[in-house]
Number of protein chains: 2
Amino acid sequence: MKRPTISDVAAYAGVTKSTVSHALSGKRPVAAKTRARIDQAIRSLGYQPHPVAQRLATGRSRTIGFVYPLYASEFSALEMKFIAGAAAVINQANYVFALLTPPDRRADSLTRFLQSGLLDGVILMQVQLHDPRVAILRRAEIPFVLIGRCFDNAGLTFIDLDIDLAISQCVEHLVALGHRHLAYLRLDDPDLGFAVRANQAYVAACRRYDLPIVASACALIPESGAQVAATLLDAHPETTALIVWNDLAAWGAMQAIQGHGLRIPADVSLICFDLSTVANIVPLRPTAVDIRPREMAAEAARMLLAQLAADATTPVQVLMEPRLIVGETTAPPARRRA
Amino acid sequence: MKRPTISDVAAYAGVTKSTVSHALSGKRPVAAKTRARIDQAIRSLGYQPHPVAQRLATGRSRTIGFVYPLYASEFSALEMKFIAGAAAVINQANYVFALLTPPDRRADSLTRFLQSGLLDGVILMQVQLHDPRVAILRRAEIPFVLIGRCFDNAGLTFIDLDIDLAISQCVEHLVALGHRHLAYLRLDDPDLGFAVRANQAYVAACRRYDLPIVASACALIPESGAQVAATLLDAHPETTALIVWNDLAAWGAMQAIQGHGLRIPADVSLICFDLSTVANIVPLRPTAVDIRPREMAAEAARMLLAQLAADATTPVQVLMEPRLIVGETTAPPARRRA
DNA sequence: TGTATTTATCAAACCGATTTGTACACCTGT
DNA sequence: ACAGGTGTACAAATCGGTTTGATAAATACA
């Protein structure tokens with residue numbers, strides 16, 4: 001009833017363990033006749049190599065850690081897509097997808113797992129501009145891929161959205177439609193590279209087109225989106241277009257716009273990021289930047305697997321090109337009652 | 001630069017491996033003085049036991065598999081909550097949370113992982129009434145916990161929402177408000193225990209209150225909710241309350257109701273399941289059954305860990321009591337223009 | 001004081017594979 | 001006929017721990 005070991009197979013086939021191992025791995029030649037006997041033995045015994053023993057012998061665990069600090073608020077569909085994208089690729093490759101959900105972004109939440117020597121590689125989410133976890137990963141000499149990037153990325157392997165381009169596309173799209181008065185509901189997290197880059201990119205884009213710079217911090221909830229949008233529309237009634245970082249906030253903003261008696265997109269155009277929640281809900285197809293979380297995470301997984309296979313750590317840096325999906329929430333600005 | 005092994009510690013402390021092992025595990029007495037030397041050695045060398053070696057020696061992997069078949073459509077916040085709930089508990093207990101995302105619910109997607117002997121225990125999602133995976137898990141003699149349950153649950157350990165009670169609460173709530181003409185937008189999946197039980201419970205509850213039974217299958221998307229709700233309202237204009245299984249569909253249904261010129265809750269009351277997406281979005285706080293996915297998955301994880309700790313397989317069966325959260329989308333029925 | 005029992009440690013086997021050095025048989029070419 | 005390859009399989013070491021039987025020292029009891 002116990003599961004058969006390689007020794008059982010060897011005994012059954014009348015050879016030694018090492019011969020079986022060589023037959024299985026192909027690392028040394030085995031006579032065709034012997035191999036046939038071994039195959040036969042494996043089949044009749046239903047042998048499967050014991051992964052843990054393999055791991056000990058080879059020193060590789062075939063386990064990839066996916067580090068995703070999950071705060072109370074972050075259980076949205078977006079997170080799910082990142083995770084599902086990476087998990088699918090990693091499972092497919094016959095690796096174990098180990099999801100680590102430390103309660104914060106601090107480094108010491110990670111060390112325990114890293115030093116355990118249990119992980120062949122790591123994918124890191126929520127990368128900060130100056131991320132202490134990166135230093136730890138480096139010291140642990142463990143291959144890792146960032147989803148996102150730091151301030152100084154020398155020698156790092158990452159995949160990130162080209163956020164500058166994304167913001168540029170948004171502004172460009174609106175300017176092309178004739179808008180001159182935009183406002184940006186930004187995410188205010190000084191640690192997250194994603195957020196900081198987006199904010200800088202918005203300022204830069206506005207300068208480029210010589211537009212007034214109107215931006216306001218906004219939390220990741222509808223109420224905040226509504227409140228901030230309302231304040232902005234009051235303070236800057238000339239505004240004809242909103243770019244909203246978060247999709248739930250975008251929903252709130254839409255309510256606020258309509259609450260001001262303005263129509264979308266006739267009076268105010270709106271662009272939001274990510275197509276998860278809002279896209280399913282709103283009556284209009286939103287104009288949105290598709291950040292393709294599944295593809296991004298899947299690609300990160302592939303990059304990591306490639307590094308593990310090659311046993312090399314040549315840094316690979318990928319910027320995903322954003323896709324601006326033009327929907328029904330943007331249109332040329334109409335002259336409206338000021 | 002190599003990581004220290006137990007032998008290094010032993011040499012440093014001037015004892016043998018076994019003594020160090022005993023000091024660490026406490027399974028045999030070690031003299032206080034010796035123990036102090038060993039502690040000192042461990043600290044100066046920065047020793048950490050190698051988990052893979054431990055696993056091989058003990059036969060336990062400290063890894064729990066979370067099996068979640070993810071179809072293309074299912075990357076919602078609800079899934080994320082289940083996963084996050086279980087992952088937090090399992091990581092906390094110093095176990096590895098291995099997320100397995102087979103492309104379907106079939107059994108053979110699982111066998112490979114189970115037979116690998118890599119998992120100490122398994123948590124199974126999307127349990128079917130007659131689930132071949134359960135048989136496989138049994139044969140593999142691996143402890144497992146279902147989130148959901150089968151038709152025949154003898155000897156199984158599971159945690160599930162008391163769906164009968166949930167539906168009863170919904171109907172009861174509406175009846176208490178004075179409604180007599182309900183309609184139920186159900187999920188039509190003959191394999192999923194969850195769905196089948198809910199449908200039966202709805203019929204039973206209506207019988208109990210002597211209500212006409214109006215129900216219609218509805219997909220998990222807003223469009224379907226809208227379309228089915230519209231059809232129902234046309235066919236049964238006397239309907240004053242809707243119970244909608246899925247929250248995205250509930251959103252669609254709300255649009256359809258308003259599209260019929262009816263107000264919520266004045267003309268039509270609405271109850272939906274789960275508080276994830278819609279709850280964040282609608283202007284009214286929805287009356288909803290909170291299925292508490294995080295708590296459910298966390299409890300499943302705790303149950304499994306308890307089984308592993310006790311090394312016993314006494315079946316534990318838990319039905320979570322649903323919470324009907326009364327919001328602003330249900331009210332007594334108003335006389336309305338027929 | 002001698003024997004029985006407990007306490008603390010050692011030494012070796014074991015978990016289930018991989019990897020490497022070596023021996024043997026067979027074939028080849030001169 | 002003999003040196004030199006080549007093909008094939010064996011034996012043993014190794015990965016880093018745990019576990020168990022044995023042994024020596026320390027204590028208990030009569």
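Computed from a prediction, not measured in an experiment: that's the story for all the values here. We name chains A, B, ... by the order of the sequence lines, and we start the count at 1 in each one.
Between A/Leu24 atom CG and D/dA9 atom P the separation is 15 Å, expressed in whole Å. Separating the CG atom of A/Leu56 from the C1' atom of D/dG16 is a distance of 6 Å, rounded to the nearest angstrom. C/dG16 atom P lies 15 Å from atom CG of B/Leu118, rounded to whole Å. Per the geometry, CD1 belonging to A/Ile6 stands 6 Å off P belonging to C/dA17, to the nearest Å. Between the P atom of C/dA17 and the CD atom of A/Gln48 lies a distance of 10 Å, rounded to the nearest Å. The interatomic distance linking B/Arg62 (CZ) with D/dG17 (P) rounds to 15 Å, in whole Å. In this structure, B/Asp8 places its CG atom 10 Å from P of D/dC15, rounding to the nearest Å. To the nearest angstrom, P of D/dC15 lies 14 Å from CZ of B/Arg3.
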Show the distances under 3.5 angstrom between N or O atoms of the protein and N or O atoms of nucleotides 25-29 of chain D.
none

Collect all protein-nucleotide pairs involving nucleotides 6-8 of chain D in which both atoms are nitrogen or oxygen and the distance is under 3.5 Å.
none

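Around the CD atom of A/Gln317, the shell of radius 6.0 Å holds more than 12 heavy atoms that belong to other residues, nucleotides or ligands.
Residue A/Thr58 is classed as a sugar-phosphate contact, given heavy-atom separations below 4.0 Å to backbone atoms only. Note on A/Lys17: a base of the nucleic acid sits closer than 4.0 angstrom, heavy atoms only.
With B/Arg292 contributing its side chain and B/Glu321 its backbone, the two residues share a donor-acceptor pair below 3.5 Å. Between the side chain of A/Asp39 and the backbone N or O of A/Ala36 there is no donor-acceptor pair closer than 3.5 Å. In this structure a side-chain-to-backbone donor-acceptor pair under 3.5 Å is present from A/Glu79 to A/Ser76. Side chain of A/Arg294 to main chain of A/Lys81: no donor-acceptor pair is present (N/O by atom type, distance under 3.5 Å, no hydrogens or angles). Without hydrogens or angle criteria, B/Ser21 side chain to B/Lys17 main chain gives no donor-acceptor distance under 3.5 Å. Proximity of a side-chain donor or acceptor of B/Arg62 to a complementary backbone N or O of B/Ala93 within less than 3.5 Å is detected.
Nearest approach of B/Thr34 to B/Val30, heavy atoms of both residues: CB-CG1, 3.9 Å.
Taken to the nearest 0.5 Å, the CG atom of A/Leu100 stands 10.5 Å off from the CG atom of A/Leu70.
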Working note: A/Asp120 + A/Ser61, criterion side chain to side chain donor-acceptor pair (under 3.5 Å); need CA distance, chi angles, decisive distance, verdict. CA-CA 6 Å; A/Asp120 278 355; A/Ser61 64; 3.2 Å; yes

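Comparing the axis of the opening five pairs of the helix from C/dT1-D/dA30 to C/dT30-D/dA1 with that of the closing five pairs yields an angle of 50°, rounded to 10°.
Ring geometry, A/Phe97 versus A/Phe66: the interplanar angle falls from 30° to 60°, so the pair is classed tilted. Relative orientation of the B/Tyr68 and B/Phe82 rings is perpendicular, given thresholds of 30° and 60° on the angle between their planes.
Taking only distance into account, the side chain of A/Ser18 meets the base of D/dA11 through a donor-acceptor pair shorter than 3.5 Å.
Of the two residues contacting DNA chain C, namely B/Ala57 and B/His22, the nearest-nucleotide position lying further toward the 5' end is that of B/His22. Position along DNA chain D of the nearest nucleotide to A/Arg35 versus B/Thr19 favours A/Arg35 as the more 5'-ward residue.
Taking 4.0 angstrom as the limit, B/Gln54 places none of its side-chain polar atoms (N or O) nearer than this to OP1 or OP2 of D/dG16. For D/dT18, the OP1/OP2 oxygens have no side-chain nitrogen or oxygen of B/Lys27 closer than 4.0 Å. Contact annotation: A/Ser21 side-chain N/O to C/dT18 OP1/OP2 distance is under 4.0 Å.
Counting only heavy atoms from C-beta on, A/Thr5 has its side chain closest to C/dA17 among D/dG17, D/dG16, C/dA17. For B/Val15, counting side-chain heavy atoms from C-beta on, the closest listed nucleotide (C/dC10, D/dG16, D/dT18) is C/dC10.
Applying the side-chain contact (heavy atoms from CB on, under 4.5 Å) test between A/Ile90 and each of A/Val96, A/Ile123, A/Leu304 identifies A/Ile123 as the sole match.
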